[in-house]
Protein chains: 2
Amino acid sequence: MKNQFTTPDGYTSDIAVFTITSESSSEYKPPLKTLKIMLIKRSEMDHEGNPNIEAGKWALPGGFVRPNETAFQAAERKLFEETGVDGLRIKHFGVYDSPSRDHRGWIISNAHYVIANESSLKNRKTTLDAQDIQLFSMEEALALELAFDHHAIMDDALWFIKKDMALTTLAKHFLPEEFVLSELQGVLLTVLDDPSISTDAAFFRKAPTLPFIEAVSENGKLKKSNAYSKTPAQLYRFTDFQPIVSVYRNKLKG
Amino acid sequence: MKNQFTTPDGYTSDIAVFTITSESSSEYKPPLKTLKIMLIKRSEMDHEGNPNIEAGKWALPGGFVRPNETAFQAAERKLFEETGVDGLRIKHFGVYDSPSRDHRGWIISNAHYVIANESSLKNRKTTLDAQDIQLFSMEEALALELAFDHHAIMDDALWFIKKDMALTTLAKHFLPEEFVLSELQGVLLTVLDDPSISTDAAFFRKAPTLPFIEAVSENGKLKKSNAYSKTPAQLYRFTDFQPIVSVYRNKLKG
DNA sequence: GAAATAGTGTCTCTTAGACAATATCCA
DNA sequence: TGGATATTGTCTAAGAGACACTATTTC
């Protein structure tokens with residue numbers, strides 16, 4: 001084509017992969033949950049053997065979008081290529097296009113985030129592009145020196161996660177199919193800070209009435225679990241209900 | 001730079017400009033409010049004298065991002081260049097990068113929306129790039145044959161407006177500094193459909209208690225307006241309070 | 001029985017929601 | 001006075017928030 005205008009030097013897709021890890025402190029106790037982000041350590045050489053830019057630094061997985069795909073498709077592809085992880089729910093949240101963000105030139109990053117169940121990251125493995133992969137807590141991650149403007153991207157992604165956690169049933173992607181209320185509470189508390197969630201009496205009374213959560217039954221009677229307590233605790237699952245909230249009304253829309 | 005990867009053929013910034021027009025039906029009556037979008041009719045030649053692609057079609061204002069600016073800055077610039085409109089609150093909401101969206105090549109669009117007070121669009125004028133500018137109601141606009149994938153972009157923008165209207169104090173950007181409850185109600189109803197808003201008794205009782213709205217006083221007494229009714233109606237303004245909602249609690253966060 | 005988690009009982013206060021009544025002003 | 005818009009009264013039922021109490025199991 002006739003080039004009538006200046007073109008960017010590259011278009012990349014980056015992905016902030018979040019998960020919540022469970023660490024059981026002792027038996028019959030709800031596990032300690034922590035929000036973590038998966039970062040890769042950039043290899044010295046890329047998979048084509050060329051010296052890699054920002055090599056050795058920790059970074060969000062991602063890479064150049066091919067001309068025959070969208071950034072979304074690239075996100076899926078790079079995530080698999082670089083970390084071996086597959087089949088996650090990817091969401092766009094922003095574009096980073098400051099002219100100075102990448103000293104190779106004018107490179108635009110289309111940023112995504114992913115909510116991953118801890119188990120879905122089990123398959124992660126280092127690759128040619130990533131000499132190391134690790135999960136970092138947000139404190140750890142924000143203290144690292146990251147490649148490019150990935151620090152800002154990560155910061156924004158965290159903000160989106162918090163918003164989505166409060167406004168949607170995002171929490172379900174961090175939980176097993178069937179879960180106990182204290183697990184849900186634990187997930188919410190890794191990201192949200194709210195007395196109506198942290199106060200047991202309030203949360204345990206309110207949660208079962210939420211329209212997007214239902215108690216699990218088996219053989220006609222309520223299904224309980226002793227995974228985290230001596231007292232059998234009721235199992236719940238998310239329904240397909242999509243709550244709609246508004247600042248002008250209090251009730252969740254039926 | 002050494003070009004180790006395929007580069008996009010262009011990076012554009014597009015802007016969906018929304019406003020709510022007021023049409024007074026008769027005296028002492030709240031005006032009829034309608035959500036509208038500002039579109040431009042693409043000129044036969046661009047401002048450099050080259051034949052314009054998709055000429056003659058209606059489209060979102062926008063254009064190519066320059067290498068020394070961000071898409072956000074380009075949005076501000078193009079909006080002014082193409083429509084003469086300035087000083088609006090611009091927000092990114094999505095990226096459109098389907099390989100087939102523009103037959104000139106691989107062109108990525110960074111999409112924004114703008115909420116404009118009707119009066120701020122008063123200055124709009126046709127330019128070299130835009131042989132015509134008009135406000136369309138959403139029904140009209142969605143029925144037009146638009147350039148590129150602007151139909152999809154507009155659709156998505158509308159969805160974001162609805163979400164923001166429900167979740168934030170976005171409504172204030174459609175209203176004058178001081179307004180009457182029926183005006184607020186009118187603005188909300190152009191986008192939202194909710195009995196707690198459309199029912200007068202419910203809305204007029206609830207709205208004054210909202211933490212982000214306050215009654216206007218003057219000389220120690222409440223300020224009223226007869227603009228839309230024979231009965232003097234209380235004037236209100238938005239405060240700086242940013243409401244936070246959540247599906248897990250009902251109250252707006254203090 | 002002690003300890004730990006998972007709830008429930010009860011009370012108070014606030015609010016939603018429905019419906020009716022009142023208030024203000026103009027023609 | 002009638003008509004139109006802008007409120008307010010009143011009632012009921014539901015829910016939030018606080019605090020104490022009960023229930024189930026293991027050691």
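Below, read A as the first sequence line, B as the second, and so on, with proteins coming before strands; counting in each chain starts at 1.
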query = In whole angstrom, what separates N226(B)'s CG from dC26(C)'s P?
reply = 7 Å
ask   = Is K206(A) near enough to dG15(D) that one of its side-chain N or O atoms lies under 4.0 angstrom from OP1 or OP2?
value = no
key: Pair F212(B) + Y236(B): ring centers closer than 6.0 Å   = no
message = Can you tell me if K230(A) touches the phosphate of dA6(C), counting only side-chain N or O atoms and a distance under 4.0 Å to OP1 or OP2?
response = no
ask   = In whole angstroms, how far is the P atom of dG17(C) from the CG atom of N250(A)?
value = 8 Å
query = Using a cut-off of 4.0 Å on non-hydrogen atoms, how would the nucleic acid contact of Q234(B) be classed: base, sugar-phosphate, or nothing?
reply = sugar-phosphate
Euclidean distance, atom NZ of residue K29(A) to atom C1' of dC27(D) [Å, nearest integer] = 15 Å
task = Answer with base, sugar-phosphate or nothing: what part of the nucleic acid does A233(B) contact at a heavy-atom distance below 4.0 Å?
result = sugar-phosphate
ask   = Is a donor on one side and an acceptor on the other found under 3.5 Å between the side chain of R124(A) and the backbone of L121(A)?
value = yes
request  = Write down the distance between CZ (R249(B)) and P (dA16(D)), rounded to a whole number of angstrom.
outcome  = 10 Å
key: Between Y248(A) and F203(B), ring centroids under 6.0 Å   = no
message = Applying the side chain to side chain contact (heavy atoms under 4.5 Å, CB included) criterion to I133(A), which one of I40(A), V85(A), T127(A) satisfies it?
response = I40(A)
ask   = Would one find a side-chain N or O of S182(A) under 4.0 angstrom from OP1 or OP2 of dA6(C)?
value = yes
task = Whole angstrom is fine here: how far is it from CD in E27(A) over to C1' in dA4(C)?
result = 13 Å
ask   = Roughly, in whole Å, what's the span from OH in Y228(A) to P in dA3(C)?
value = 26 Å
ask   = Under the 3.5 Å rule, do the base of dT5(D) and the side chain of T231(B) count as making a donor-acceptor pair?
value = yes
Sidechain-backbone polar pair: Q185(A) side chain, I197(A) backbone, donor-acceptor under 3.5 Å = yes
ask   = F204(A) CZ to dA23(D) P: how many Å, rounded?
value = 18 Å
query = What's the OH-P distance between Y236(B) and dA6(D), to the nearest Å?
reply = 11 Å
query = Closest nucleotide of DNA chain C for S229(A) versus for A201(A): which of these residues is on the 5' side?
reply = S229(A)
note = By nearest-nucleotide position on DNA chain D, the 5'-leaning member of K251(B) and V180(B) is V180(B)
query = Between dC19(C), dT5(D), dA6(C), which one does the side chain of P30(A) approach most closely?
reply = dA6(C)
